[in-house]
Amino acid sequence: MLRFAPRLRASLAAPSALVALALLALAPAPARAQAPASLGFLGFSPGDSVATLGARVTELGGRPLRCNRSRTDPRVQECRATLVDPERGAPLELWASAIDGVAGVITLSGRLGGDQLDQWREALETSYGRAGARVQGPQWSMQWVRRGRMLRLTWRVEKGEKVASVSLVDGRTLDDWGRTRAGRASRGGG
């Protein structure tokens, strides 16, 4: 698992962090090309149902998707699986945060061999248009936004290996969840 994934997971535990992540997903993208409106990677798309995620994991040679419900909000599930990258046969970790059975955030991550990162980047740019890479410390990222959904490719070199992740965020799912929680809180329902 990537080192930054636990921090993301921890930050998503707080409802305000999910709302902030949704706002980030709705921020203007650095590049807006004439490309398909629907974002996806390896057959996963933001807003997929938990059942769809599980079926795709199985198609990619993974073990069944495991999901746990949140103790503070039973509508929220954290799901995990390991699957097989169809291009190189290497394992990829999947983590998803689902609300009412719909994935608000999906992250696929792994250590990439050879020129696999270049292949991921080229495939994404071919599908969604060119996006300038941004750097923050040792980490690089590229991002695409379409109709309230975001796809972000993030990578870094760690001990001579490329470590990369693709995050798919459905801003609408997160926004709806945030509004519902805010409405409950204002009515005194927590």
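To the nearest 0.5 Å, atom CG of residue L94 and atom CG of residue L108 are 5.0 Å apart. Rounded to the nearest 0.5 angstrom, R75 CZ and R69 CZ are separated by 10.5 Å. Here the NZ atom belonging to K162 is positioned 9.5 Å from the CD atom belonging to Q116, to the nearest 0.5 angstrom. Put simply, CZ on R134 and CZ on R152 are 8.0 Å apart, with the number rounded to the nearest 0.5 Å. Here the CD-CD distance, from E122 to E125, works out to 8.0 Å after rounding to the nearest 0.5 Å. Once rounded to the nearest 0.5 Å, the distance linking CZ of R63 with OG1 of T58 reads 12.0 Å.
Of all heavy-atom pairs between L65 and V50, the closest is CD2-O, 3.8 Å. Between L39 and R149, the closest heavy-atom pair is CD1-O, 3.4 Å. Closest non-hydrogen pair, R88 versus R111, comes out as NH2-O, 2.8 Å. Minimum interatomic distance between A164 and L117 (heavy atoms only, all atoms of both residues): CB-CD1, 4.2 Å.
With hydrogens and angles ignored, the 3.5 Å screen pairs no side-chain donor or acceptor of D176 with any backbone N or O of T173. Checking side-chain atoms of R156 against main-chain N and O of G137 turns up no donor-acceptor pair under 3.5 Å. Of the possible donor and acceptor atoms, none in the side chain of Y128 sits under 3.5 Å from a partner among the backbone N and O of V145. Panel note: side chain R172, backbone R147; a donor-acceptor pair is recorded below 3.5 Å. At least one donor-acceptor pair under 3.5 Å links the side chain of W144 to the backbone N or O of G129.
Transitive grouping of hydrophobic side chains (ILVMFWY, heavy atoms separated by less than 4.5 Å) brings W155 and F44 into a common cluster. At a threshold of 4.5 Å between side-chain heavy atoms, the hydrophobic network of Ile, Leu, Val, Met, Phe, Trp and Tyr places W95 and W177 in one connected group. V157 and V135 end up in different hydrophobic clusters when Ile, Leu, Val, Met, Phe, Trp and Tyr side chains are linked at under 4.5 Å. Residues V84 and L42 do not share a hydrophobic cluster, defined by chaining ILVMFWY side chains whose heavy atoms lie under 4.5 Å apart. Residues L174 and V76 share a hydrophobic cluster, clusters being chains of Ile/Leu/Val/Met/Phe/Trp/Tyr side chains in contact below 4.5 Å.
Here the side chains of M150 and Q143 are in contact, with some heavy-atom distance below 4.5 Å. Using a 4.5 Å heavy-atom threshold, the side chains of L168 and S45 count as separate. For the pair D85 and W120, the minimum side-chain heavy-atom distance is below 4.5 Å. Residues M142 and L124 are not in side-chain contact: their nearest non-hydrogen atoms beyond the backbone lie 4.5 Å or more apart. The side-chain heavy atoms of C79 and L53, taken from C-beta on, include no pair separated by under 4.5 Å. Between T154 and S167 there is no side-chain heavy-atom pair separated by less than 4.5 Å.
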When you look at T82 and E93, which way does the side-chain hydrogen bond (donor to acceptor under 3.5 Å, both in side chains) test go after all the steps?
CA-CA 5 Å; T82 300; E93 298 296 320; 3.1 Å; yes
Give the C-alpha distance, both sets of side-chain angles, the deciding distance and a yes or no for side-chain contact (heavy atoms from CB on, under 4.5 Å) between R56 and E59.
CA-CA 5 Å; R56 184 64 182 148; E59 286 173 18; 2.8 Å; yes
Let me see the working for T107 and S109 under side-chain hydrogen bond (donor to acceptor under 3.5 Å, both in side chains), right down to the final yes or no.
CA-CA 6 Å; T107 300; S109 62; over 6 Å; no
